[in-house]
Amino acid sequence: MENVEIFDSEGKGRGLRATRESWAGDVIFAEPAYSAVVFDNLSHCVCHSCFKRQEKLLRCGQCKFAHYCDRTCQKESWVNHKHECLAIKKAGKAPNENIRLAARILWRIEREGGGLTEGCLVSIDDLQNHLDKFGDGEKSSLMEDVQKFMDFWPSQSQQFGMQYISHIFSVISCNGFTLSDQRGLQAVGVAIFPNLCLTNHDCWPNCTVIFNNGKIELRALGKINKGDELTVSYVDFLNLTEDRMEQLKKQYYFDCTCEHCTNKTKDALLLAVNDGESKPEDRVVKEVIQYSKDTMEKIEKARSEGSYHQVVKLCRECLKRQEPIFADTNIYMLRILSIYSEVLSYLQMFQDAAENAKKMIDGYMKIYHPNNAQLGMAIMRAGVTQWHAGMIEVGHGMICKAFAILLITHGPSHPITKDLEMMRSQTEMELRMFKENEFVYYKMREAALSNKPFQVMDEPNIEAPTNLFHKKPQEAKS
């Protein structure tokens with residue numbers, strides 16, 4: 001870890017700072033997971049070793065729970081799965097992901113001890129757990145997991161005290177990193193990366209984190225000078241300051257004092273309304289905001305039921321109320337546009353999807369950091385939608401813009417960047433054809449699309465990773 005060092009960050013406790021200059025796209029450090037597990041609901045379709053989504057996976061013949069791409073992945077994972085396999089087989093079923101992750105951490109500590117491991121700046125023992133800040137509900141949930149863990153943990157393994165086990169579960173609660181699939185499109189697991197845990201939050205950070213080829217990479221978003229603190233964003237920036245601060249306090253137990261929260265930067269844009277002679281009254285604005293919130297609840301219910309045509313209807317009605325009132329950066333309209341364009345694409349209504357995706361991107365560009373990974377992914381999806389709609393010039397421009405961002409946030413070796421580079425080459429070639437003879441281009445495009453299976457967009461309710469760290473939702477008490 002020659003590029004970083006631990007220091008006392010004023011008001012934040014320990015942090016990481018750069019020991020040399022970095023530029024946009026530089027990998028400051030890469031770190032393998034200390035321990036990692038696949039989410040419960042994806043255990044059958046995601047490899048438990050490399051975390052890639054695959055249609056056909058090999059199943060462990062002993063526990064019948066773990067799945068792997070091939071024998072290579074199975075062998076590489078055996079040191080972590082060996083004890084887990086026997087425990088699952090004995091229990092008859094696998095426990096939840098937090099218990100499985102805690103068990104893997106403790107089996108590694110049993111093998112190697114609880115001190116510093118190679119490449120780590122901090123030990124698991126020394127990571128913050130914030131247990132003293134847990135509310136009654138969180139403490140109750142934690143103790144429930146600890147009890148289930150005790151039932152799962154084999155008697156022949158090293159025995160740990162309740163206090164230490166509680167520390168491990170608290171570390172997972174506060175520092176469990178969300179793993180994405182190989183293309184970065186879906187959250188598939190949770191892991192602990194000790195060095196990453198030392199990186200403090202900023203709503204407008206100088207670094208981003210990406211999971212690539214089995215490791216996380218801390219990548220610079222711009223120039224970083226020697227001695228600068230390295231920061232990442234724990235939450236999506238596309239929220240009002242008050243909402244971001246509330247989420248950070250609830251999930252990570254601190255009051256954000258970054259410049260953007262202190263000055264409420266971008267809040268005016270996120271709440272902007274149409275200006276000029278037609279500027280709406282405050283009463284009307286409040287009514288439309290409440291209508292938007294109520295509609296979002298109805299939309300989420302329809303999405304969960306797979307009623308996508310109902311989602312389209314709700315979005316269309318909501319936008320009719322919003323467009324005369326809200327400016328193009330208003331967060332309530334952007335949220336509707338995001339869902340609307342995504343669902344329209346899934347339903348192959350590409351003309352309408354392209355129009356609304358462009359409006360969404362125009363708003364995003366005024367709000368997000370220019371090298372924000374989520375901005376890059378949104379522009380990429382919008383570019384693909386434009387291409388499907390036959391709008392080759394706009395689509396190619398968006399794909400090029402997304403490629404430039406993802407080169408910085410994901411790097412050239414990431415699968416999604418490689419996919420995007422192929423798209424960029426294809427649309428560049430098509431654009432040349434389009435400019436030479438528009439009529440011939442559309443005829444060739446129509447023939448090509450009719451001679452191969454149509455690529456349907458992913459179902460829009462797949463959960464994409466938005467927050468840096470994974471927080472287990474508390475179950476509602478009856």
Side-chain angles (χ1 to χ4, degrees), residues 1-36 116-117 119-130 170-180 184 190-212 215-237 244-245 247-249 251-261 369 371-374 408-411 465-471:
M1 299 297 292
E2 58 187 28
N3 295 337
V4 299
E5 63 183 4
I6 301 175
F7 80 116
D8 289 325
S9 178
E10 186 177 352
K12 300 180 182 177
R14 292 178 301 178
L16 291 181
R17 66 184 174 195
T19 57
R20 71 177 189 183
E21 189 177 74
S22 297
W23 297 86
D26 285 350
V27 177
I28 297 170
F29 69 78
E31 179 182 14
Y34 185 88
S35 292
L116 285 175
T117 56
C120 284
L121 296 170
V122 63
S123 70
I124 295 292
D125 292 1
D126 290 332
L127 289 176
Q128 284 187 311
N129 60 40
H130 295 295
S170 303
V171 165
I172 292 171
S173 178
C174 301
N175 297 290
F177 177 85
T178 304
L179 298 179
S180 59
V190 57
I192 291 293
F193 296 90
N195 294 332
L196 178 63
C197 295
L198 294 171
T199 312
N200 285 319
H201 165 83
D202 194 295
C203 291
W204 201 260
N206 56 15
C207 296
T208 190
V209 182
I210 200 71
F211 185 60
N212 185 19
K215 295 181 179 181
I216 59 100
E217 295 174 348
L218 187 74
R219 306 182 67 91
L221 293 177
K223 185 183 178 184
I224 297 174
N225 296 314
K226 180 180 178 180
D228 286 352
E229 180 172 9
L230 303 172
T231 57
V232 294
S233 181
Y234 294 178
V235 296
D236 185 7
F237 182 73
R244 288 200 312 272
M245 292 183 71
Q247 185 180 357
L248 290 164
K249 183 70 171 179
Q251 187 165 346
Y252 304 105
Y253 312 101
F254 70 88
D255 295 309
C256 186
T257 57
C258 77
E259 182 180 343
H260 274 63
C261 283
H369 186 290
N371 290 331
N372 182 284
Q374 286 168 258
I408 292 170
T409 61
H410 290 60
T466 53
N467 292 341
L468 187 65
F469 293 101
H470 168 71
K471 185 81 168 181

Requested in this report: Tell me, with the steps shown, if R244 and C256 meet side chain to side chain contact (heavy atoms under 4.5 Å, CB included).
Outcome: CA-CA 9 Å; R244 288 200 312 272; C256 186; over 6 Å; no

Report task. In sequence, state the C-alpha distance, the side-chain angles, and the governing distance for F211 and L179, and then conclude on side chain to side chain contact (heavy atoms under 4.5 Å, CB included). Result -> CA-CA 7 Å; F211 185 60; L179 298 179; 3.7 Å; yes

Report task. Check step by step if side chain to side chain contact (heavy atoms under 4.5 Å, CB included) holds for K223 and S22. Result -> CA-CA 6 Å; K223 185 183 178 184; S22 297; over 6 Å; no

**Report entry** Verdict with reasoning, Q374 to F237, per side chain to side chain contact (heavy atoms under 4.5 Å, CB included)
**Finding:** CA-CA 10 Å; Q374 286 168 258; F237 182 73; over 6 Å; no

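Side-chain atoms of P205 and H369, non-hydrogen and from C-beta on, never get closer than 4.5 Å to each other. Residues V122 and R14 have side chains in contact (heavy-atom distance under 4.5 Å, counting atoms from C-beta outward). The side-chain heavy atoms of V232 and Y234, taken from C-beta on, include a pair separated by under 4.5 Å. Considering only heavy atoms from C-beta on, S123 stays 4.5 Å or farther from T117 through its side chain. The shortest side-chain heavy-atom distance between N175 and F193 does not fall under the 4.5 Å cut-off. The closest side-chain heavy-atom distance from V209 to L218 is below 4.5 Å. Annotation: side chain of N372 is not in contact with side chain of T409 (no heavy-atom distance under 4.5 Å). With a 4.5 Å cut-off on side-chain heavy atoms, C174 and Y253 count as touching.
E217 contributes no side-chain N or O that, together with a main-chain N or O of N212, makes up a donor-acceptor pair within less than 3.5 Å. Looking only at distances, no side-chain donor or acceptor of E229 sits under 3.5 Å from a matching main-chain atom of G15. In this structure, D26 contributes its side chain and E21 its backbone to no donor-acceptor pair below 3.5 Å. Side-chain atoms of R17 do not come within 3.5 Å of backbone N or O of G227 as any donor-acceptor pair. T19 places a side-chain N or O within donor-acceptor distance of the main-chain N or O of E2, the cut-off being under 3.5 Å. Under a 3.5 Å cut-off, the side chain of N3 and the backbone N or O of F29 do not form any donor-acceptor pair. For T231 (side chain) and N206 (main-chain N/O), a donor-acceptor pair under 3.5 Å exists by modelled atom type.
A pairwise comparison of heavy atoms in I224 and A18 identifies CG2-CB, 4.0 Å as the closest pair. When all heavy atoms of G25 and R219 are compared, the closest pair comes out as O-NH2, 2.8 Å. Closest approach of L221 to C207, counting heavy atoms only: CD1-O, 3.7 Å. Taking all atoms of both residues into account, the shortest heavy-atom contact from F177 to L196 is CD1-CD2, 3.3 Å. For the pair T208 and A373, the tightest heavy-atom approach, listed with the atom from each and the gap, is OG1-CB, 4.3 Å. Taking all atoms of both residues into account, the shortest heavy-atom contact from L116 to L121 is CD2-C, 3.6 Å.
With rounding to the nearest 0.5 angstrom, the CG atom of D228 is 13.0 Å from the CG atom of L16. A distance of 9.5 Å separates CD1 of I28 from CZ of R20, quoted to the nearest 0.5 Å. For the atom pair K226 NZ and E5 CD, the distance stands at 8.5 Å (nearest 0.5 Å). We find the CD1-CD1 distance between I216 and I210 to be 10.5 Å, quoted to the nearest 0.5 Å. Taking CG from L198 and SG from C120, the interatomic distance works out to 9.5 Å, rounded to the nearest 0.5 Å. Within the model, atoms CG of D255 and CE of M245 stand 5.5 Å from one another, a figure rounded to the nearest 0.5 Å.
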